[in-house]
There are 4 protein chains.
Amino acid sequence: MEKRNKHQIKRELSFEKLMEASLKIFAEKGYDKASIDDIAKEAGYTKGTFYLHFSSKEELFLKLMDNRLESFKRQYFEVFSYVEDIEESLRRGVALFIELTKKDNWAPIYFEFCVNSMRNPVIKKQMIVHYHSWIDMVTSVLKQLDPFKECEDTQLKELAALIIAIIDGYHLQYSIDPSIADQNRIIQVIIQLLSSFKSGI
Amino acid sequence: MEKRNKHQIKRELSFEKLMEASLKIFAEKGYDKASIDDIAKEAGYTKGTFYLHFSSKEELFLKLMDNRLESFKRQYFEVFSYVEDIEESLRRGVALFIELTKKDNWAPIYFEFCVNSMRNPVIKKQMIVHYHSWIDMVTSVLKQLDPFKECEDTQLKELAALIIAIIDGYHLQYSIDPSIADQNRIIQVIIQLLSSFKSGI
Amino acid sequence: MEKRNKHQIKRELSFEKLMEASLKIFAEKGYDKASIDDIAKEAGYTKGTFYLHFSSKEELFLKLMDNRLESFKRQYFEVFSYVEDIEESLRRGVALFIELTKKDNWAPIYFEFCVNSMRNPVIKKQMIVHYHSWIDMVTSVLKQLDPFKECEDTQLKELAALIIAIIDGYHLQYSIDPSIADQNRIIQVIIQLLSSFKSGI
Amino acid sequence: MEKRNKHQIKRELSFEKLMEASLKIFAEKGYDKASIDDIAKEAGYTKGTFYLHFSSKEELFLKLMDNRLESFKRQYFEVFSYVEDIEESLRRGVALFIELTKKDNWAPIYFEFCVNSMRNPVIKKQMIVHYHSWIDMVTSVLKQLDPFKECEDTQLKELAALIIAIIDGYHLQYSIDPSIADQNRIIQVIIQLLSSFKSGI
DNA sequence: AATGAATGAGCGTTCATTCAT
DNA sequence: AATGAATGAACGCTCATTCAT
């Protein structure tokens, strides 16, 4: 048992280190230019160790995607979960939402996920699953808000998809040239979108 | 002289063909997985010819970016140039704008430009130049519209940047899962944004 | 003492299992493509256990060769040991001999031994020892037969070598294309060879 | 044209060198242990050049097999083609046949072909084709001989297959331990086989 | 202008072997 | 006795780039 545990702990440690390293390397170099050697070395191991944990580069990428996308959803959800009155708290929510994307070098890795999903069907499939799960999350947040409580899910989902698209667009612009991407304006747009949606009902 | 000319013509022809081929191959495979061999073959030449025109893969990529981004701006500008009365024609304009992006497999190559610009400073610099030039173009289109004629350029530029961000966001979503990206809604958002901007003045 | 015994028994068990597994894997994949992992897994153990029993892949191969070649000799000897009257029983003997080679996927592993012995001096040495021991075995069988009782050993050994060569040749042909290797004809050739040898004396 | 020619000549030269080198390396080390690096270096080139000529290691092996097996058939055929009177000249023919196999390090490469054909279906297929073509060759030689002129092809083919099996068996024994493989005896066996076949008609 | 032979560095992956547990 | 984490050398293969023709 004890042995088991020590092995397990070591295993988990090296796995964690490799995941962390791969996040960094993929973000820095992109999927293709990131080599297994780079990743293993960054994690403090050699190539061989990598293949103890992942059967291929693609598998690692998939696992990293899954891990990161899921973790982001969770973080976002926490941010939004205590949003109760509308305007002001939503403003705060969206601001936080946007703030989070700037942490952790999220942009390069996120767009790396996106771009690779456009060409690799396996990655695409996983991307779609996560994207929908985000939409569901945002939908459920909206549903907590008074004005939307009565809305149909389909409508709210469309609204959620729109919000995510806008934030992604802002996000991309911010990555290209932070000096032109104005966080306040994008928040205004989203608030406005919500208001007009309310009144449209 | 004549010979010179024939050579020049041939040279331009092979250059054009290589550019076209590289567009196709980069869109299909992405920067890293596209090989010079692939591109040359697609153009009907061999590797050697490639290096007669481009000193490296990166140079080609830069030239292609320049060429495509410029050409897109031109196409968009044409679309918008005869927009004179507001709402309806703008709707048509934005729709066309969006439609254009779906042609020519533009999405994968565009995001390829974006993602690479996040990592390569030379590419980034060029991307920023083009992005600003797009903003200027959209700004100038807006300026033609009655309600915005009196606006300050700085304000209009912010508006233009916002519009482009939103369209990019829509575009990305469309690339991830076309079934959730609703073109009409995104157009509505932009129209609304314009209206509210007008009334905000 | 008892503990010792238990350990020994376990040790012998795992050794046996590893040998059996290696026979199967080497036959299936050949020496180079068979991995220690494959073999250990097939035996129901892990790599570590393998190195408790064998110091290297080559040592295993050598032990397996020794084991298999010896075991084959024993089996053959049993088959031939009760051959007493000549023609008919010899026919049966040779047929059985050939039949045995088809069992247990013997061909691929046997030729694996042969081919490796052509390149590795250690393996070659062991192969020669066994080959000679086969010749001796066949010689002793021949010596039991009336017509050969008076023959000199050197002569009988030559005959034995010839018989083994012919069977190996048949065996190889059978492995390449079973549809052209005719067991009866090869038996006839051997019978004939024996008759002519007899009359040659 | 001239250019073409020079390129072609260079190409053929490097191809030839690579084939020769691969013959040597495969014979020395066997298929799996022979590395592309080894082969290319032996030929005086680098790995890259190898892949200009062969798309994979397997393709090279297949081409080498085809080339060698065909060339051997041709050599054998030349040896036998002027065999007209029986016994003595056949003796000479078989002797030459056997002699040829000792040249060029044929044994290790031939058994390498055989052993690999037992596990790789593509190689197996090609091996069978060549083997049958050998049988046909030997059959046609036999048919030139007076006693066999009237025989049916099917019968002669069986005889040919038998002869080849016996020679291969001798060949294998010779490779394992030359000191026990007696060339004269194997020739006697074949001659005898032919005589008994004749009288069997 | 165009070809294509040649290079060399690099990559994803495998695997025999070691050793702490 | 058995495990399994870790290594490091190798291997098959790809590809951007160079250069003689």
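Note that the structure is a prediction, hence the values are computed from the model and not measured. Residue numbers start from 1 in every chain, and the chains themselves are labelled A, B, ... in the order their sequence lines are given, proteins ahead of strands.
When distances run from any side-chain atom of C/H53 to the nucleotides F/dA6, F/dA2, E/dA6, the shortest one goes to F/dA2. Nearest nucleotide to the side chain of B/H7, out of E/dA1, E/dA5, E/dT13: E/dA1. The side chain of A/K10 has F/dA5 as its nearest neighbour among F/dA5, E/dG12, F/dC13. For C/T49, taking side-chain heavy atoms from C-beta onward, the closest of the listed nucleotides F/dA5, E/dA2, F/dA2 is F/dA2. Comparing F/dT17, E/dA16, E/dA5 by their closest approach to the side chain of C/S35 singles out E/dA16.
Whole-Å rounding puts the D/L18 CG to F/dC13 P distance at 14 Å. Between the C1' atom of F/dG12 and the CD1 atom of D/I25 lies a distance of 16 Å, rounded to the nearest Å. One interatomic measurement links the two molecules: CD1 of A/I36 to C1' of F/dA6, which rounds to 17 Å at whole-angstrom precision. Atom pair C/D37:CG and F/dT7:P shows a separation of 17 Å (rounding to whole Å applied). Regarding D/Q8, its CD atom lies at a distance of 14 Å from the C1' atom of F/dT21, rounded to whole Å. When rounded to the nearest whole Å, the span between CD of A/E12 and P of F/dA5 equals 11 Å. Rounded to a whole Å, the NZ atom of D/K41 is 12 Å from the C1' atom of F/dC11. A/E58 has its CD atom 19 Å from the P atom of E/dC11, to the nearest Å.
The phosphate of E/dT14 has neither OP1 nor OP2 within less than 4.0 Å of any side-chain N or O from A/Y51. OP1 or OP2 of E/dA2 sits under 4.0 Å from a side-chain N or O of B/S14. For D/T46, a side-chain nitrogen or oxygen approaches OP1 or OP2 of E/dT7 to under 4.0 Å. Put simply, A/K57 has a side-chain N or O that comes within less than 4.0 Å of OP1 or OP2 on E/dG12.
With DNA chain F read from its 5' end, the first of the two nearest nucleotides for C/R11 and D/D32 is the one closest to C/R11. A residue-by-residue look at C/G48 and D/F50 shows that C/G48 has its nearest nucleotide of DNA chain F further toward the 5' end. Each of A/S56 and B/G44 lies near DNA chain E, and the nucleotide nearest B/G44 is the one positioned closer to the 5' end.
Between A/E20 and A/K24 no salt bridge is recorded (no basic side-chain N to carboxylate O distance below 4.0 Å).
Atom CD of A/E70 is separated from atom CG of A/D66 by 6.5 Å, given to the nearest 0.5 angstrom.
For A/K47 against E/dT13, a side-chain N or O and a base N or O form a donor-acceptor pair under 3.5 Å.
In this structure the side chain of B/F113 never reaches within 4.5 angstrom of the side chain of B/H130, judged on heavy atoms. Between B/N120 and B/E58, some side-chain heavy-atom pair lies under the 4.5 Å cut-off. Within the 4.5 Å cutoff, the side chain of B/S14 has heavy atoms near those of the B/H53 side chain. Considering only heavy atoms from C-beta on, A/F15 comes within 4.5 Å of A/M19 through its side chain.
Under the Watson-Crick or G-U wobble criterion, with both distances below 3.5 Å, F/dA1 has no partner in any strand shown.
The residue C/A34 sits close only to the backbone: its heavy atoms come under 4.0 Å of sugar-phosphate atoms, none of a base. Residue contacts shown for D/L52 include a base, since a base heavy atom lies under 4.0 Å away.
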